[in-house]
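A quick write-up on the structure given underneath.
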There are 2 protein chains.
Amino acid sequence: LSLSSRKFSPLSAMAIEKETPETEAPPTFLRDGSTSSDTVRGRFEKMIRETQDRVCEAIEAADGGAKFKEDVWSRPGGGGGISRVLQDGAVFEKAGVNVSVVYGVMPPDAYRAAKGGGGDHKPGPIPFFAAGVSSVLHPKNPFAPTLHFNYRYFETEAPEDAPGAPRQWWFGGGTDYTPAYIFEEDVKHFHQVQKDACDKFDPSFYPRFKKWCDDYFYIKHRDERRGLGGIFFDDLNDYDQEMLLSFATECASSVIPAYLPIIEKRKDTPFTEKHKEWQQLRRGRYVEFNLVYDRGTTFGLKTGGRIESILVSLPLTARWEYDQKPEEGSEEWKLLDACINPKEWL
Amino acid sequence: LSLSSRKFSPLSAMAIEKETPETEAPPTFLRDGSTSSDTVRGRFEKMIRETQDRVCEAIEAADGGAKFKEDVWSRPGGGGGISRVLQDGAVFEKAGVNVSVVYGVMPPDAYRAAKGGGGDHKPGPIPFFAAGVSSVLHPKNPFAPTLHFNYRYFETEAPEDAPGAPRQWWFGGGTDYTPAYIFEEDVKHFHQVQKDACDKFDPSFYPRFKKWCDDYFYIKHRDERRGLGGIFFDDLNDYDQEMLLSFATECASSVIPAYLPIIEKRKDTPFTEKHKEWQQLRRGRYVEFNLVYDRGTTFGLKTGGRIESILVSLPLTARWEYDQKPEEGSEEWKLLDACINPKEWL
């Protein structure tokens, strides 16, 4: 009877292999071992790893003391990841920035559903490739907002029994903003940076992805959103592939200018116990959304992904009070109202 | 844009009507308005309401100051409930004891699956009745354990288009024990009281329901259990109905003798910040189990049950640290080991 006697048991048909800890991050997690700048895979991996480096540097500088702890892991069949976590810093309660590169196999039905339309060819299981950067940043000060961002790229291989079949690819991602209190100038700044990034590519992107974000981060059982939105998109492949790669890169580059100025402004704001309790209650909502609705989290838990990396999105501390209702007109009420009735901030 | 403009939107095919607050608990929530001692429904409702009264009295006495706050609610078509919550007391961080009586309609497929076998009659939607008492008690002291119990009775009406079809009924429930630290004498006492209640009815009950409990309160993605078990059973109808009603009544009566002596012994034990943090991490696991796996919770969230009553099971505060691993051989490690490898305590 010992902890080390635990065995990994596949949890579903899509379970993926158990990860192995590594001492050092390799130049690439791609199977072919190259850091090719010719493939979208190679360029996407380079982009997410640079994003991870830049965001971690900026967060450490803003925190002014605490350092990220890094865990590198790989999987026997190829792929792996780098998890970086800063915990209990001066400014940040918990900040996680992960990259991962995953090779897996998807059931043919899921593949057919994703690419739309049946066709007469019935493929076998489809090998896939997925890479992404994912981050949640929870500050300590109740007036400083939580930020989440995630940019990912997904590609299917040609099925083994149909080597000529076309590869499919998709981009997904977004950046969203979750304060406990509203400072209108902060929310406007955050949304403006998202809109500026979108507008460089397509004027329809910001309104479309802003609404998608409001729809996605919806806590059904509360009839309220997790926070004040941002942008979100998924399964995007109806634009030029190069254009979408540039767009995802632009969005990832916008994280620091969208967020860090707000952190600098709010990290030292004096607060009371009551402010802290409200922040903790909103952190409880964050937990509810992530464990009950978030696709990345629920998929990861079901397929046996690296649990500590998946659940790093949860706050260090959270709170649930029975039937807590903010007083009408209060600052807490204004936040809740904006989570229930999403606003146009620009 | 106001909170009062929120509309209830049915969340699934099985969504139930929105509840109405009531100022006082009626003698019965049954549709026919009687408090008949002739029907199992009537006797079960009486039992769960007496259980609620007795447990709340005992918890208030143990807390020595805080009082339960009561919310009564009803539904237009019949049924309702009483939620009682004690929050931030001297001994208890959060204690919730709810009773509810629900009338609903279940899809015919679910009914056919539940009663086993098809038959040639295809029924329409099946009206059902469900009543239960449900409670989670979270103490403040990290050496005092959390307790959960739930006893419920479920009955289908005859389908409207087949008035002669037989009614089906089921009992379910259990009591389980979730400490942050193991005191072997406490765990043995708790399990012994469960076994004694079981043994009055059938010698196979304790071993069977003890294993069922270990299997049910399993956090798959962690490969560990929520706590140290107890008893659990569901969809039980393969015994005499009177016998099962007595058994559920006996189990509910065993809650106080199983739990309160342990609370009295541990509520004032001195503790350090480190003990409190470990308790908070285990509370985080409690949240993970309830939001991801618990059938009552996930069903309630999907069908639009009374959210505050459903989520009263969540602790007042919880904690998630990245990659926290107790030192081998420590008291924290012993608890985790027992959650990973369930033991026979008797």
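Just so we're on the same page: letters track the sequence lines, and every chain starts at 1.
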field: A:Leu311/B:His221 under side-chain contact (heavy atoms from CB on, under 4.5 Å): CA gap, chis, key distance, verdict
entry: CA-CA 10 Å; A:Leu311 294 185; B:His221 59 268; 4.1 Å; yes
Residues A:Arg222 and B:Glu308 bridged, charged N to O under 4.0 Å: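 Judged by the 4.0 Å cut-off on N to carboxylate O distance, A:Arg222 and B:Glu308 do form a salt bridge.
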field: Atom pair CD1 (A:Ile307) and CG (B:Asp223), whose distance is rounded to the nearest 0.5 Å
entry: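 Output value for this atom pair is 10.0 Å.
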- prompt: Atom NE2 of A:His138 and atom CH2 of B:Trp320: how far apart are they, to the nearest 0.5 Å?
  reply: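 Going from the NE2 atom of A:His138 to the CH2 atom of B:Trp320 covers 10.0 Å.
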- prompt: If we only count heavy atoms from C-beta on, is the B:Thr317 to A:Thr317 side-chain gap below 4.5 Å?
  reply: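 Not touching, per the 4.5 Å side-chain cut-off.
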query: So do A:Arg319 and B:Leu314 actually touch side chain to side chain, heavy atoms under 4.5 Å?
result: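 Result no, sub-4.5 Å side-chain heavy-atom pair not found.
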- prompt: Run the side-chain contact (heavy atoms from CB on, under 4.5 Å) check on B:Leu316 and A:Glu321 step by step: do they pass?
  reply: CA-CA 6 Å; B:Leu316 190 63; A:Glu321 276 176 38; 3.7 Å; yes
query: Should we count NZ of B:Lys276 as having more than 12 external heavy atoms under 6.0 Å?
result: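 Yes.
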- request: Give the member of B:Asp88, B:Leu281, B:Val312, B:Leu291 that has the highest number of heavy-atom pairs under 4.5 Å with chain A.
  value: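 The answer is B:Leu291.
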- prompt: Given a strict heavy-atom distance threshold of 4.5 Å, which part of B:Val85 is in contact with chain A: side chain, backbone, both, or neither?
  reply: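 The side chain, not the backbone.
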field: Minimum heavy-atom distance A:Tyr322-B:Gln87, with the two atoms named
entry: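 So the two residues come closest at N-OE1, 2.7 Å.
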query: So which of A:Gln324, A:Glu288, A:Lys325 has the largest heavy-atom pair count under 4.5 angstrom toward chain B?
result: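 Going by pairs under 4.5 Å, I would pick A:Glu288.
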